[in-house]
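Input: a single structure, listed below in structure tokens.
Values below: every heavy atom of this structure, side chains too, minus hydrogens, waters and symmetry copies.
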Amino acid sequence: MTDHRKDTAWLCEQLPGLRSLAVKKGTVQTQQQLEAIVETARTGGEFKEPLMDLARSLGVGVDDLMALRAGVIPPTPRPPVRYVCPEGLCAREWWPEPSKRTPSCEIADRQLRAQRELD
């Protein structure tokens, strides 16, 4: 069993690239399928299998599709505030970095929400 919130966080982070790939390599129907997957994720539904099918149709390697990106390590020590999914749909977290804008939740179409860290 997978962690649905982590899968949703991955989708949120990767959605701009997936949308771009759907435009470049897919069709209007492919783009509509991707947006249907986003809507399913937005409402808490299961989207992993349809996303894998869509990825296959775009020539993306499915084995690595759901792997969360490594190397995005928050600064140490972490700031007292972190940013999280504005709708609580996923496990995405982001810590402020100098000169970087707060990212948006690509699924909820809203900026990530600030949340104070609890010690």
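- Across Thr43, Leu89, Ile37, a single residue satisfies side chain to side chain contact (heavy atoms under 4.5 Å, CB included) together with Ile107, and that is Leu89.
- Contact check for Lys48 versus Met52: side-chain heavy atoms found under the 4.5 Å cut-off.
- Here the side chains of Leu54 and Leu18 are not in contact, with every heavy-atom distance at 4.5 Å or above.
- Taking all atoms of both residues into account, the shortest heavy-atom contact from Cys105 to Cys12 is CA-SG, 3.5 Å.
- Judged by distance alone, the side chain of Arg116 and the main-chain N or O of Val81 form no donor-acceptor pair under 3.5 Å.
- Between Arg19 and Glu106 there is a salt bridge, since a side-chain N of the basic residue sits under 4.0 Å from a carboxylate O of the acidic one.
- Put simply, OG1 on Thr30 and NZ on Lys24 are 15.0 Å apart, with the number rounded to the nearest 0.5 Å.
- Taken to the nearest 0.5 Å, the SG atom of Cys85 stands 7.5 Å off from the CZ atom of Arg5.
- Contacts of Pro103 classified as side chain to side chain contact (heavy atoms under 4.5 Å, CB included), with partners at least two apart in sequence or in another chain: Arg92, Trp94, Leu112.
- Annotation: the span from Thr102 atom OG1 to Glu97 atom CD amounts to 10.0 Å, rounded to 0.5 Å.
- Put simply, the side chain of Leu34 reaches to within 4.5 Å of the side chain of Leu15, judged on heavy atoms.
- Nearest heavy atoms, His4 versus Gly45: CE1-O, 3.0 Å.
- Two residues are said to be in side-chain contact when any heavy atoms from C-beta on lie closer than 4.5 Å; Thr27 and Gln31 fail this criterion.
- Hydrophobic clustering keeps Val38 apart from Val23 (ILVMFWY residues linked when any side-chain heavy atoms are closer than 4.5 Å, directly or through intermediates).
- Checked by atom type and distance alone, the side chain of Ser20 never pairs as donor or acceptor with a backbone atom of Gly17 at under 3.5 Å.
- In this structure, CG on Asp53 lies 9.0 Å from CD on Gln33, to the nearest 0.5 angstrom.
- Going from atom OG1 of Thr8 over to atom CZ of Phe47 covers 4.0 Å, rounded to the nearest 0.5 Å.
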